[in-house]
Amino acid sequence: MKIASWNINGIKARIEAATTWIKAAAPDIACLQEIKCVDEAFPREMFEELGYNVAVHGQKGFNGVALLSKLPFDEVRPRLAGDPDDVQARYLEAEISVPSGALRLINIYLPNGNPFGTEKFVYKLAWMTRLKERVKTLLANEENLVVAGDFNVIPAPEDVYNPNVWMDDALFRPETRAHFQALLNLGLTDAFRACHDEPHRYTFWDYQAGAFQKNQGLRIDHLLLSPQAADRLQACEIDAAPRSWEKPSDHVPITAELAL
DNA sequence: ATGTCGATACTTTATCGA
């Protein structure tokens, strides 16, 4: 099964790019982030016509996540536990029956957290702590678990073109990386790093300053796997092509092939 | 040094968030 994650930066602005890529790549499951629309405005029928079941957790203007799956959802659960006052649409969890058993899927748009030293950074770290708690609970089930999405975390210096410039950025702060490492330490595998050890492989390039042309990017979109899912990992690839299309998202899709 | 894009609103330009 092919599982993809892609921050599309606005579904309304990305309808053509999204359908073109989904048709060509034909993932079994796609996790979309930053749909930037309410549930009712998501072009559900468009993806249903391509053979997908659709689950949406959106909000007006910002954030928002959606799941596309060729197999039906057994359960869909929006919102990350741990803070009932958190109204930002950044988390969508689903259970899907696969040939090898159950697949638990978490689709996240982790808070950006900039600028460092503000409430936004505090919210980011608190959100990461809440995510760790939820993952810890799910890992106890010893099932296939995939945590996919835009983590807004640069895990290591080799995942950014110029680490020195990013030292005080919320995506690369030591506190952020420590929280990400704590998540991995629960027993998750970074699928891309399990398949590739070359540095400077990116999933995001800023729109500004010709960042893509200069290959000044970041690796911030990740697929993290439970031990059971990691055992079934066959490949993980970043598809940078859509970044050079017309009207691109600033992120590109990352996909993993799992023998589920 | 600057450079972009998407969505929103007391809209047609400014603001926010990224």
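Here is the naming used below: chain letters follow the sequence lines, and residue numbers restart at 1 for every chain.
Rounded to whole Å, atom C1' of B:dT4 lies 8 Å from atom OH of A:Tyr207. Whole-Å rounding puts the A:Lys36 NZ to B:dT8 C1' distance at 11 Å. Remark: P of B:dG17 and CG of A:Leu171 are 16 Å apart, rounded to the nearest angstrom.
Relative to the six-membered ring of A:Tyr202, A:Arg219 misses at least one condition, a distance below 6.0 Å or an angle of at most 45° to the axis.
Along DNA chain B, the nucleotide closest to A:Asp206 and the one closest to A:Asp150 are compared, and the more 5′ of them pairs with A:Asp206.
The residue A:Ala209 sits close to a base: some heavy atom pair falls under 4.0 Å. Among the protein residues, A:Arg243 comes within range of no part of the nucleic acid, since none of its heavy atoms lies under 4.0 Å from any strand.
Comparing the P positions of B:dA18 and B:dT11 gives an interatomic distance of 24 Å, to the nearest angstrom.
Residue A:Arg14 places no side-chain N or O under 4.0 Å from the OP1 or OP2 atom of B:dC5.
Classification of the A:Phe42-A:Phe47 ring pair by plane angle, with boundaries at 30° and 60°, yields parallel.
A salt bridge (Lys or Arg N to Asp or Glu O under 4.0 Å) check over residues 221-243 of chain A, counting only residues at least two apart or in different chains, returns nothing.
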Going through the checks in order, is the ring pair (Phe, Tyr, Trp, His ring centres under 6.0 Å) test met by A:Tyr109 and A:Tyr91?
CA-CA 7 Å; A:Tyr109 175 47; A:Tyr91 182 98; over 10 Å; no
